Amino acid sequence: GTLVDDMGLVVDATNYVLKQYGKSTIDRDEFRENFCLPYEDFYKLYLPGEGMEEIEAHFRKGFSQSKVPVTVLPHAREFLDFLSDSSAKLYILTSMCAKAFSKQLVELEMDNYFIETYSGVLDKRELICEIIESHGMDKSDTVFVGDMTHDIDTAHHGGIMSLGVLTGYNRAPILASAKPTILVKDLSVVEQMLSD
């Protein structure tokens, strides 16, 4: 939801999981209203008492069987090019399964932008301080960009600025409730701000 649109695929895989337990499927709007990270909290809402290991196995199967494409969001590649040309150091911290993430990164030709990627991280707050320290980041010069309240919470936890983008999973009121440093409709706004 920050750089790529994978929501259709994730909703499809989520509905595959729900079907395995005889539950009704949900549409994109309901998914956006209720999805959260860490995603165990989301599944507690729909599948209380079910084990995450089994849920994750079903999700991976649904994910691999889905034919819904993942696409680079408008302005994302231009934003990455702009940052790279400005000598910014870029990292990724994602909850997405490491194997699927690595494959998508290569298929979408985005693997050359990042110094390091951290995937399969269920609770990003647990790793953000370590990433900041291990890469010697200056907290006053570091921004965490994301489309979910968990991303903004992670930035707060790490003591860095946060940039919420409305191109992904959380709607504006939900994302705004996490109090990001800046909230924008898409990445083109940020590129314009930095250019000015």
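No hydrogens, no waters, no symmetry mates; every other heavy atom, side chains included, goes into these values. It should be emphasised that the depicted structure is a prediction, and the values quoted were computed from it without experimental measurement.
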Can you name the nearest heavy-atom pair linking [X] to [Y], along with the distance?
| X | Y | answer |
| --- | --- | --- |
| Gly62 | Ala13 | C-CB, 3.9 Å |
| Asp81 | Tyr113 | OD1-OH, 2.6 Å |
| Phe42 | Asn34 | CD1-O, 3.5 Å |

From CA spacing to verdict: side chain to side chain contact (heavy atoms under 4.5 Å, CB included), Arg125, His156
CA-CA 9 Å; Arg125 294 169 297 191; His156 293 326; over 6 Å; no

In short, ring pair (Phe, Tyr, Trp, His ring centres under 6.0 Å) pairs touching residues 70-95 with sequence neighbours left out are Tyr91-His135

ILVMFWY clustering at 4.5 Å (side-chain atoms), partners of Leu73
none

Would you mind listing the cluster partners of Val106? Hydrophobic ones only (ILVMFWY), side-chain contacts under 4.5 Å, chaining allowed.
none

Any side-chain heavy atom of [X] sitting closer than 4.5 Å to one from [Y]?
| X | Y | result |
| --- | --- | --- |
| Lys44 | Asp41 | yes |
| Tyr43 | Val17 | yes |
| Leu3 | Val72 | no |

Spell out, yes or no, whether Leu45 and Leu18 are grouped together once hydrophobic residues are joined by side-chain heavy atoms under 4.5 Å, including indirect joins.
yes

Qualifying salt bridge (charged side-chain N to carboxylate O under 4.0 Å, His left out) pairs with a residue from [range], counting only residues at least two apart or across chains:
| range | value |
| --- | --- |
| residues 132-161 | Lys124-Asp151 |
| residues 4-22 | Asp5-Arg28 |
| residues 86-104 | Lys103-Glu107 |

Does the separation of the ring centres of Tyr169 and Phe31 fall below 6.0 angstrom?
yes

Does the side chain of Tyr118 pick up a donor-acceptor pair with the side chain of Glu130 at under 3.5 Å?
no

Does Asn15 reach the main-chain N or O of Thr25 with its side chain, forming a donor-acceptor pair under 3.5 Å?
no

I'd like to check the ring pair (Phe, Tyr, Trp, His ring centres under 6.0 Å) partners of [X]; sequence neighbours left out, ordered by chain and number.
| X | result |
| --- | --- |
| Phe101 | none |
| Phe144 | none |
| His157 | none |
| His58 | Tyr21 |

Counting only heavy atoms not in Gln65, do more than 12 fall under 6.0 Å of its CD?
yes

Go through the steps for His150 and Tyr39 under the test side chain to side chain contact (heavy atoms under 4.5 Å, CB included), then give the verdict.
CA-CA 10 Å; His150 184 68; Tyr39 57 77; over 6 Å; no

Listed by chain and number, what are the side-chain contact (heavy atoms from CB on, under 4.5 Å) partners of Asn112, not counting sequence neighbours?
none

Please set out all donor-acceptor pairs under 3.5 angstrom arising from side-chain atoms of residues 176-193, sequence neighbours excluded.
residue	atom	partner	partner atom	Å
Ser177	OG	Ile174	O	2.5
Thr181	OG1	Ser162	N	2.9
Thr181	OG1	Ser162	O	3.4
Thr181	OG1	Ser162	OG	3.4
Asp186	OD1	Ser188	N	2.9
Asp186	OD1	Ser188	OG	2.4
Gln192	NE2	Asp196	OD1	2.9
Gln192	NE2	Asp196	OD2	3.4

For side chain to side chain contact (heavy atoms under 4.5 Å, CB included), just list the numbers for Gln20 and Glu54, CA-CA rounded to whole Å, side-chain angles, deciding distance to a tenth of an Å, and then say yes or no.
CA-CA 10 Å; Gln20 305 315 301; Glu54 184 177 88; over 6 Å; no

